[in-house]
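The figures here come from the full heavy-atom set of this structure, side chains too, leaving out hydrogens, waters and symmetry mates. When a ligand or atom number is given, it counts from 1 through the structure's own listing order.
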Amino acid sequence: MKEILVLGGGGFIGRNIVSSLLSSNDCVVTAADIQEGSNWSELASNPSTKNRFKPVIDDFTDMQAFHRLNQNFDEIYMLAAVVGVNKTLEHPEEVIRINSLLTMNTLDFISRNPINKLLFSSSSENYAGTSDLFNIEIPTPESVALCIEDVKHPRWTYAITKMHGELAFFHSAKSHNYKCVIVRYQNIIGPEMGFGHAIPHISERFFKAKESPFKIYGHDQTRAFCYIDDAVKGTIGAMESEKSSGQIYHIGMDDEINMETLTKYIGSLYDYSGQYENAMTYPGSVSRRCPDISKARNDFGYNPEINWKDAVRHTVHWYKEFFEKGNTPKRGGFRPPENFITKDR
Ligand SMILES: NC(=O)c1ccc[n+]([C@@H]2O[C@H](COP(=O)([O-])OP(=O)(O)OC[C@H]3O[C@@H](n4cnc5c(N)ncnc54)[C@H](O)[C@@H]3O)[C@@H](O)[C@H]2O)c1
């Protein structure tokens, strides 16, 4: 049986990959994370998965955590990272420290424990600077140049750790003789996706704040939202494809919508009938984003099926129930862009 390690296997995308991998019977999956995934106890007790599921809670910025894994793997999905705009703007130094250490420790582990293939989760943030400074193609292909707009702005710390990871794994793969594939995720959404993203924020505001007029932050900015089930299929497809070694793939959806359309659609799901007002957005936030996903389509038949309205509706449904039950986010949660006007650092 194939031995698979999912680093960040307790997170939003990681835990869904773990479930999906275990749903076929041909692998043992170690899910490693600093925190438990919400599906872990079910996977650990379900008769069809419990003997093939190995949960590990540890801090993988500490190399000792890798030593404690104490085994060889055929494949590694490297998804562990500090994620989210708020964290990047508030603690850029921690984003650099943690994400770089996670990459460097994984490299060190692989150099001692040979693997067959690694998938690294990168981000559309890598070309956000290029997108705003230059007139790039939209939908954007993987061949786009990557760019940091302003080294002093905290926003770019996350992107630089993703660029670092891409280069680090590609070049280590050559010298340590394993296959490597990069996926650049593009606005993946779904139930329990965390609280540091646009859709949870907008949901929280409609539920709690009863704002009127309701501010639409960055009304003319565009994004393309991809449902988690499609992203999981794309990720596993990228790992399993014979063609993917040494390649980068955009995993997302190519249906570009603007924040005004998104906000008003979410408003309709909350039966909001008040006024709307356009407002500023988060500093450094990219004006347009929509991936070209044809390379993944051609190479391994990636075919996202869930349109943006269904994806948003399923996602908002989960958040609505969460707030209706009186829950509050443990971390993250909405902080208005006005709080993030950064001084020159
Ligand atoms: N969700 C998206 O749309 C999106 C977009 C671009 C890139 N990505 C990338 O995909 C990956 C998964 O993203 P996600 O949305 O599931 O985020 P997430 O925050 O839910 O998952 C990341 C996981 O990494 C874990 N982690 C952080 N520090 C760790 C440490 N020291 N040791 C062990 N685990 C640690 C976290 O606990 C978390 O469970 C990340 O690398 C992220 O940068 C996601």
Q: So, does Lys162 sit close enough to ligand 1 that a heavy atom of it is under 4.0 Å from the ligand?
A: yes

Q: Taking only heavy atoms of Thr61 into account, list the atoms of ligand 1 that are under 4.0 Å away from them.
A: 31 (N)

Q: Based purely on interatomic distance, does Ile98 place a nitrogen or oxygen under 3.5 Å from a nitrogen or oxygen of ligand 1?
A: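 Among all N and O atoms of Ile98, none is under 3.5 Å from an N or O of ligand 1.
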
Q: Quick one: sort the Tyr265 and Trp308 rings into parallel, tilted or perpendicular, breaks at 30° and 60°.
A: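 Because their plane-to-plane angle is over 60°, the rings of Tyr265 and Trp308 count as perpendicular.
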
Q: If you measure from atom 22 (C) of ligand 1 to every heavy atom of Gly8, Ala81, Gly10, which option wins on shortest distance?
A: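 Minimum heavy-atom distance to atom 22 (C) of ligand 1 goes to Ala81.
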
Q: What I want to know is whether Ser124 and ligand 1 share at least one N or O pair that is separated by under 3.5 angstrom.
A: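 Not met; the criterion fails.
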
Q: Is there a polar contact between ligand 1 and Ser123, counting only N or O atoms under 3.5 Å apart?
A: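 No; every N/O pair is 3.5 Å or more apart.
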
Q: Go through Asn16 and Ser19 one step at a time and tell me if the side chain to side chain donor-acceptor pair (under 3.5 Å) criterion holds.
A: CA-CA 5 Å; Asn16 283 288; Ser19 284; 5.7 Å; no

Q: Please report the interatomic distance CZ(Phe169) to NE2(His176), rounded to the nearest 0.5 Å.
A: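 One gets 11.5 Å once the value is rounded to the nearest 0.5 Å.
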
Q: Should the proximity of Leu101 to ligand 1, defined as any heavy atom under 4.0 Å, be assigned to the side chain, the backbone, both, or neither?
A: neither

Q: Is Asn258 close to Thr222 at the side-chain level, that is, under 4.5 Å between some pair of heavy atoms?
A: yes

Q: Passes side-chain contact (heavy atoms from CB on, under 4.5 Å), Thr263 versus Phe206? Steps please.
A: CA-CA 10 Å; Thr263 306; Phe206 273 119; 4.3 Å; yes

Q: Would you name the heavy atoms of Gly267 and Tyr276 that are closest together and state the gap between them?
A: CA-OH, 3.6 Å

Q: Using non-hydrogen atoms of the residue, decide whether Asp62 is closer than 4.0 angstrom to ligand 1.
A: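 So Asp62 does not count as touching ligand 1.
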
Q: Start with the C-alpha distance between Phe12 and His197, add both sets of side-chain angles, then the distance that settles ring-ring contact (aromatic ring centres under 6.0 Å, His included), and finish with yes or no.
A: CA-CA 12 Å; Phe12 168 51; His197 307 271; 7.6 Å; no

Q: What protein heavy atom is closest to atom 23 (C) of ligand 1, reported as residue, atom name and distance in Å?
A: Asp33 OD2, 3.7 Å

Q: Provide the closest heavy-atom pair for Thr157 versus Pro92 in the form atom of the first, atom of the second, distance.
A: CG2-CB, 3.5 Å

Q: Just heavy atoms, cut-off under 4.0 Å: does Ser122 contact ligand 1 by side chain, backbone, both, or neither?
A: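 Ser122 to ligand 1: backbone contact only, side chain stays beyond 4.0 Å.
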
Q: With a 4.5 Å limit on heavy-atom distance, are the side chains of Leu79 and Thr235 in contact?
A: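 Counting from C-beta outward, Leu79 and Thr235 never come under 4.5 Å.
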
Q: Taking only heavy atoms of Asp58, which atoms of ligand 1 are found under 4.0 Å from at least one of them?
A: 32 (N), 33 (C)

Q: Measuring from atom 5 (C) of ligand 1, which candidate in Tyr158, Phe225, Tyr185, Phe120 has the nearest non-hydrogen atom?
A: Tyr185

Q: Where the closest heavy atom to atom 14 (P) of ligand 1 is concerned, which of Ile13, Asn16, Leu102, Val6 has it?
A: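 Going through Ile13, Asn16, Leu102, Val6 one by one, Ile13 has the nearest heavy atom to atom 14 (P) of ligand 1.
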
Q: Among all protein heavy atoms in this structure, tell me which lies nearest to atom 32 (N) of ligand 1, with the distance rounded to 0.1 Å.
A: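 Sorting protein heavy atoms by distance from atom 32 (N) of ligand 1 puts Phe60 N, 3.0 Å first.
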
Q: Quick one: does ligand 1 sit under 4.0 Å from the side chain of Ile189, the backbone, both or neither, non-hydrogen atoms only?
A: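 Answer for Ile189: neither.
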
Q: Any idea which protein heavy atom is nearest atom 3 (O) of ligand 1, and the distance to it?
A: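 Nearest neighbour among protein heavy atoms for atom 3 (O) of ligand 1, to 0.1 Å: Ile188 N, 2.8 Å.
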
Q: For atom 19 (O) of ligand 1, what is the nearest protein heavy atom, given as residue, atom name and distance?
A: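 Of every protein heavy atom, Val83 CG2, 3.8 Å lies nearest to atom 19 (O) of ligand 1.
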
Q: Using a strict cut-off of 4.0 Å, indicate which atoms of ligand 1 neighbour a heavy atom of Asn187.
A: 3 (O)

Q: Which label fits Phe73 and Phe109: parallel for a plane angle under 30°, tilted from 30 to 60°, or perpendicular past 60°?
A: tilted

Q: Assess the residue pair Asp299 and Gln247 against the criterion (side chain to side chain donor-acceptor pair (under 3.5 Å)); give the C-alpha distance rounded to whole Å, side-chain angles, the decisive distance to 0.1 Å, and a yes or no.
A: CA-CA 10 Å; Asp299 280 7; Gln247 300 298 324; 5.9 Å; no

Q: Restricting to non-hydrogen atoms, name the atom on Tyr249 and the atom on Lys243 that form the minimum distance, rounded to 0.1 Å.
A: OH-O, 3.7 Å

Q: Can you tell me the protein heavy atom closest to atom 20 (O) of ligand 1 and the distance?
A: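 Going by distance alone, atom 20 (O) of ligand 1 is nearest to Phe12 N, 2.8 Å.
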
Q: Answer whether the closest heavy-atom distance between the side chains of Lys179 and Met239 falls below 4.5 Å.
A: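 Heavy-atom side-chain distance check fails, nothing below 4.5 Å.
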
Q: Against heavy atoms of Gln35, which atoms of ligand 1 measure under 4.0 Å?
A: 37 (O), 39 (O)

Q: Tell me which protein heavy atom sits closest to atom 31 (N) of ligand 1, plus the residue, atom name and distance to 0.1 Å.
A: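 For atom 31 (N) of ligand 1, the nearest protein heavy atom is Asp59 OD1, 2.9 Å.
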
Q: Do me a favour and list the nearest non-hydrogen protein atom to atom 40 (C) of ligand 1 with residue, atom name and distance?
A: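 For atom 40 (C) of ligand 1, the nearest protein heavy atom comes out as Leu79 O, 3.1 Å.
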
Q: What protein heavy atom lies closest to atom 33 (C) of ligand 1? Include the residue and the distance to one decimal.
A: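 Heavy-atom neighbour on the protein nearest atom 33 (C) of ligand 1: Ile34 N, 3.2 Å.
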
Q: Flag this pair as yes if the NZ/CZ of Lys320 is under 6.0 angstrom from the six-membered ring centre of Tyr270 and inside a 45 degree cone about the axis; otherwise no.
A: yes

